[in-house]
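Here's the structure we're looking at; comments come further down.
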Number of protein chains: 2
Amino acid sequence: MANDQPSFDLMWATLTGYQRTAALKAAIELDVFSAIAGGATTLAALAKRSGASERGLRALLNHLVMDGFLTRAGEHYGLSATAAAFLDRGAPTFMGSAVEFIASPYVREGFDRLTEAVRRGGSAIPEGSSLVPEHPMWVSFARAMGPFAGMSARLVANLLDVERAPAWKVLDVAAGHGLFGITLAQQNPAIEVTALDWKNVLAVAQENARLAGVAGRHHLLPGSAFDVPFGGPYDLVLLPNILHHFDPPACERLLAKAHAALAPGGRAVIVEFVPDDDRMAPPEAVRFALVMLAGTPAGDAYTFPEYRTMLQKTGFGRTTLHELAPSPMRAVIAER
Amino acid sequence: MANDQPSFDLMWATLTGYQRTAALKAAIELDVFSAIAGGATTLAALAKRSGASERGLRALLNHLVMDGFLTRAGEHYGLSATAAAFLDRGAPTFMGSAVEFIASPYVREGFDRLTEAVRRGGSAIPEGSSLVPEHPMWVSFARAMGPFAGMSARLVANLLDVERAPAWKVLDVAAGHGLFGITLAQQNPAIEVTALDWKNVLAVAQENARLAGVAGRHHLLPGSAFDVPFGGPYDLVLLPNILHHFDPPACERLLAKAHAALAPGGRAVIVEFVPDDDRMAPPEAVRFALVMLAGTPAGDAYTFPEYRTMLQKTGFGRTTLHELAPSPMRAVIAER
């Protein structure tokens, strides 16, 4: 980011940032990108396909050209490379469903009250947050974020060299969509996974396990990660995108349970936005701390030294940090 | 915008665009930029100055570093050139108040219902829109957008070579903050301005005229531009940021009234986001069409040929388009 010259454009783009989110959300909801991929490239054809007005589509599509998601040549609209890869439902890397969670009322509410959250140092959402049992937000999360998580899950599986692993028993804590565990089971037919989450959320994981053909090795453990006995012993305890919701003492309660549930030689695998020690990179990990401030009472994007301290306090041995490029996520692996 | 490679970052930045708006809004509301300009550069000093928590500020300020509004060296935060110019209340070009309008619930509501607006081809806000008499949105607009308009108003005054003008009588239609007329009166002590707007909005214009020292030559004409007789004759009829709210027949009703109220040799001056004929530039003018779709029943960002047609149909003669660089606005000047 060039900081040497005042940029009116930067300020304007930020002030109107919510309009760009809304434009992309509307286009995904109207499935405009898939329609263009399917050959409907004029306003008339798109209006017919999507059931929207030409007048409304013209304003929306031209906005999306400015935003880098569409191209236009004369009267014909096309997909930018970004839209072709991520926003056409026919693309194997389609991720448009993410808008249903990222721009959902649940997540947005915290940002609507951000000034107050900064004042008090924690979410200003009434009733605390989404951390109450069976909050519907997590069903939305599980359904919407599968495609995002799928990429991270494959990267984690590669990192763990899962194809050459023995018959691991795996606990997937706060499994959500379940994809971190499911992907391990998919890549190694000897692996058995137990997915822990609230019952309403596990229905999504169960469906994903069925679609992935691993339902027979995918077991359900409904309840709160804080309250339900983990069972075990496990070779791996996965903690994907869960610890950031809590303060360090609560994280340590979960980590202590994970440690106790691991077999000798077992490992805890934390998958998270982990900012550098000075919290100045990578950008999305730095920004994620604000998502946690807005939406949770005491969560955070913890640095690796912070995770290492929590892991050491709960009995873990060697702890290492791993990139998951090209994902902005990172993995922290701790040995029992 | 490079369209040749899929950009996960572009998609993510757009999905989370509303979070950037919220972060900037919170920082403006907590007046963090002015505090840093005033020497409070550490979390502890800023927490004390703004009454916010260090924990909350850390997440917010690091986000703003990523977004290009702050710099950070060790524990010290500084202003980027953009923040120094536009977000420090002590700066002569402070424009932070714009967030109160641009990110207000009034404007945001249209974008919350954007998918439906695209379907129907007009705002999906219940009760039509903000175009009802004395809607409080326009008081918010008048108060918040003065600093933005001030720049455009000075550029319009330059364009009209107002300092060398004779004793013009000027009608400022839908004056809002009143700055387009007030700036003319400021730059030429022979000019008399009549500001037309709803009564609640004119209170803001009246205050601005008093602050500018031109209250004695700034007259008020309360009511709807469609209903109130314009009076006259005038040498100039200003139509700043008003026509975009309406469909062409309604625009033509206003233009016909303007034409009838002009003295021989008089001119109508339209100040607007005017996109190029193909609606592919400038970016903010193209995007503005979506703002009108979201928020009005039938408004639009009209092109110059569209304005020229409306002006010809209502009796105007020579019509010219003028850039107002560095503002993204443009002026259309039509001779009676």
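Numbers restart at 1 for each chain; the letters A, B, ... are given by sequence-line order, proteins then strands.
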For residues 112-119 of chain A, which side-chain donor-acceptor pairs fall under 3.5 Å, sequence neighbours excluded?
| residue | atom | partner | partner atom | Å |
| --- | --- | --- | --- | --- |
| A:D112 | OD1 | B:R108 | NH2 | 2.6 |
| A:T115 | OG1 | B:E29 | OE1 | 2.6 |

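The nearest pair of heavy atoms linking B:L10 to A:D67 is CD1-O, 3.6 Å. In terms of heavy-atom proximity, B:A81 sits nearest to A:P6 at CB-N, 3.5 Å. Residue A:Q19 comes nearest to B:V107 through the heavy atom pair NE2-CG1, 4.2 Å, listed as atom of the first residue, atom of the second, then distance. Heavy-atom minimum distance, A:V65 versus B:M280: CG1-SD, 3.8 Å.
A donor-acceptor pair under 3.5 Å is formed between the side chain of B:R55 and the backbone N or O of A:A298. Remark: the backbone N or O of B:S7 is paired with a side-chain donor or acceptor of A:T82 at under 3.5 angstrom. With hydrogens and angles ignored, the 3.5 Å screen pairs no side-chain donor or acceptor of A:R287 with any backbone N or O of B:T16. With A:T21 contributing its side chain and B:G17 its backbone, the two residues share a donor-acceptor pair below 3.5 Å.
When side chains are defined from C-beta on, A:R58 counts as touching B:D300, because their heavy atoms get closer than 4.5 Å. Between B:D278 and A:R72 the shortest side-chain heavy-atom distance falls below 4.5 Å.
When heavy atoms are compared at a cutoff of 4.5 Å, B:A85 approaches chain A solely by way of its side chain, counted from C-beta outward. A:A23 touches chain B through backbone and side chain together, each having a heavy atom under 4.5 Å away. Neither the backbone nor the side chain of A:L64 comes within less than 4.5 Å of any heavy atom in chain B. Proximity to chain B is limited to the side chain of A:L293, based on heavy atoms less than 4.5 angstrom apart. Within the 4.5 angstrom heavy-atom criterion, only side-chain atoms of B:L24, from C-beta onward, approach chain A.
Taking A:F94 as the reference, nothing meets the ring-ring contact (aromatic ring centres under 6.0 Å, His included) condition, with sequence neighbours excluded.
In this structure, the ring of B:F86 has its center no less than 6.0 angstrom from the ring center of A:W12.
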